[in-house]
Amino acid sequence: MLQQTQVQTVIPYYQRFMQQFPTVQSLAEANEDNLMKAWEGLGYYSRARNLQKAARQIVTDYHGKWPQTTLGLQELSGIGPYTAGAIASIAFNQPTAAVDGNAFRVFARLLEIDDDIAKPQTRKVFENVINHLISQERPGDFNQAIMDLGASFMTATNYDTDQSPVKAFNQSYLDGIEDHFPVKTKKKRPVPIDYFGLVIQSKKGYLLEQRPATGVLSHFWMFPLFNKQSLTDGKQLTEPKLIQQLESQLLSDFQLPIHLRKISGKPVNHTFTHQKWHITMLTGQLNANCDLSYFPGNWVQATNFTNVTFSKVQSKMWIAYQDSLISEA
DNA sequence: GATGCGTGGCC
DNA sequence: TGGCCAAGCAT
């Protein structure tokens with residue numbers, strides 16, 4: 001849970017999760033819907049699937065006994081160099097580095113290491129240094145202390161090194177160049193993508209579509225999204241023309257005769273690490289007698305939405321739709 | 001080795 | 001608002 005996620009965010013999820021799945025065995029046997037529901041809102045959902053895979057590996061391949069070395073631990077799904085080091089040092093007292101973002105930041109500043117921490121190969125530099133410095137007696141406490149330093153006095157921005165207990169060892173601070181470290185190249189901006197989001201209701205419920213097994217929000221059930229770019233085949237069309245195009249596509253591809261209209265209110269925006277979605281919400285009435293079975297999705301009553309795991313962007317679309325009903329009433 | 005993968009908080 | 005950041009990993 002703590003991979004790329006702050007402790008503050010994780011704590012309530014962790015407590016609920018451990019209550020629901022108290023043992024490796026229980027996690028291995030968990031129902032997928034329950035698992036995803038327990039993870040709902042935490043993000044990076046492949047972590048949940050990998051966690052269960054790892055539990056199943058431990059039960060079946062390791063007969064319930066954890067591997068205890070960094071190399072052995074990395075055989076488990078979802079466990080990479082950092083997590084393996086953290087488990088090996090904290091749980092099994094192995095004197096091995098756990099290099100996370102905190103460790104990068106702390107040691108880059110302490111030792112003025114100017115390798116670009118955005119590059120994968122740089123991790124080896126830090127592992128080498130830390131494996132020479134780490135306490136042989138209390139390796140877990142050592143790694144935790146580094147992470148706590150990085151999360152308190154030596155944060156990425158607004159750090160307060162003057163109050164730090166290790167300032168006397170902080171070379172970049174002593175040299176007055178702490179703001180030069182760590183060196184980290186910038187990430188690309190999220191790519192903007194325009195969608196229509198469809199809220200279509202029949203007597204059987206709202207139409208939800210399952211996203212493919214790969215890519216953003218894989219496996220999640222959402223209101224159907226249509227990429228405007230692929231809808232027009234690259235051509236520039238006015239919005240009414242675009243909506244007409246979508247209507248005819250729904251009819252020809254899925255036998256859904258429908259008149260679409262924009263809902264009131266603002267479009268839904270949602271930014272992921274690499275994509276920025278701008279969703280124009282549409283709704284419309286279906287002909288009561290049309291056959292609903294051609295569209296590759298499910299019709300779900302709103303009363304059953306609590307049983308479906310919603311991503312943040314799906315929640316936003318649902319809220320936007322409900323708000324539009326209120327303001328139009 | 002670069003890219004994709006969520007969400008929330010901060011300024 | 002937009003950019004950056006957060007106890008990274010799989011492909």
Test of ring centre spacing under 6.0 Å for Y45(A) and F220(A): yes
Name every residue in residues 90-102 of chain A that has at least one heavy atom under 4.0 Å from any atom of DNA chain C, in order of residue number, or write none if there are no such residues. D100(A), G101(A), N102(A)
Work out how far the C1' atom of dG1(B) is from that of dA10(C), and round it to whole angstrom. 13 Å
Distance check needed: dA7(C) C1' versus L73(A) CG, whole Å only. 16 Å
Does a nitrogen or oxygen in the side chain of H274(A) sit under 4.0 Å from OP1 or OP2 of dG4(B)? yes
Per Q275(A) side chain, nearest of listed nucleotides dC4(C), dC5(B), dA2(B): dC5(B)
Does the side chain of H270(A) get closer than 4.0 angstrom to OP1 or OP2 of dT7(B) through an N or O atom? yes
Separation of dG8(C) P from R123(A) CZ (nearest whole Å): 13 Å
Can you measure Y45(A) atom OH to dG8(C) atom C1' for me and round it to whole angstrom units? 17 Å
Would you verify whether the NZ or CZ of K228(A) falls within 45 degrees of the ring axis of Y195(A) while also being under 6.0 Å from that six-membered ring's centre? no
Distance alone, cut at 3.5 Å: any donor-acceptor contact between the side chains of N170(A) and S172(A)? yes
Looking at dG6(B), does its base get a donor-acceptor pair with the side chain of T273(A) below 3.5 Å? yes
Respond yes when some side-chain nitrogen or oxygen of T83(A) is under 4.0 Å from OP1 or OP2 of dC9(C), and no when none is. yes
To the side chain of L2(A), which of dA7(C), dG6(B), dG1(B) is closest? dA7(C)
Take atom OH of Y44(A) and atom C1' of dA7(C), then tell me their distance rounded to the nearest Å. 14 Å
Hey, does the side chain of R189(A) come within less than 4.0 Å of dG2(C)'s phosphate (OP1/OP2), counting only N and O? no
Could you check how far CZ of F272(A) sits from C1' of dG8(B), rounded to whole Å? 14 Å
Is it true that F104(A) and F126(A) have ring centroids separated by less than 6.0 Å? yes
Does OP1 or OP2 of dC10(B) have a side-chain N or O of Q6(A) closer than 4.0 Å? no
Per S311(A) side chain, nearest of listed nucleotides dA7(C), dT7(B), dA2(B): dT7(B)
Please figure out whether N158(A) or S46(A) has its closest DNA chain B nucleotide nearer the 5' end. S46(A)
Contact class for A156(A) (heavy atom, under 4.0 Å): base, sugar-phosphate, or nothing? sugar-phosphate
Any donor-acceptor pair under 3.5 Å between the side chain of T5(A) and the base of dG6(B)? yes
Rounded to the nearest angstrom, tell me the gap between atom CG in L51(A) and atom C1' in dC9(C). 13 Å
Answer yes or no on whether R109(A) is positioned over the face of F169(A), meaning its NZ or CZ is under 6.0 Å from the six-membered ring centre and within 45° of the axis. no
dT3(B) phosphate, OP1 or OP2, under 4.0 Å from K188(A) side-chain N/O: yes
Nearest-nucleotide 5' precedence on DNA chain B, Y13(A) against V216(A): V216(A)
Please check the phosphate of dG8(C) (OP1 and OP2 only) for any side-chain N or O of Q4(A) closer than 4.0 Å. yes
Toward the 5' end of DNA chain C, by each residue's nearest nucleotide, V7(A) or K53(A): V7(A)
If the threshold is 4.0 Å, N to carboxylate O, is there a salt bridge linking K262(A) and E239(A)? yes
What do you reckon, are the aromatic ring centroids of F305(A) and W318(A) less than 6.0 Å apart? yes
Please tell me if K276(A) has a side-chain N or O lying less than 4.0 Å from either OP1 or OP2 of dG2(C). yes
Starting the side chain at C-beta, find the nucleotide from dC4(C), dC9(C), dG1(B) nearest to K186(A). dC4(C)
Please report, rounded to the nearest Å, how far the P atom of dC5(C) is from the CG atom of D179(A). 13 Å
Spell out, as yes or no, whether a donor-acceptor pair under 3.5 Å connects the side chain of R211(A) to the backbone of H219(A). no
According to a strict under-4.0 Å criterion, is K187(A) in side-chain N/O contact with OP1 or OP2 of dC4(C)? no
Separation of dT7(B) C1' from F310(A) CZ (nearest whole Å): 17 Å
Identify whether the distance between the nearest side-chain nitrogen and carboxylate oxygen of E40(A) and K37(A) falls below 4.0 Å. yes
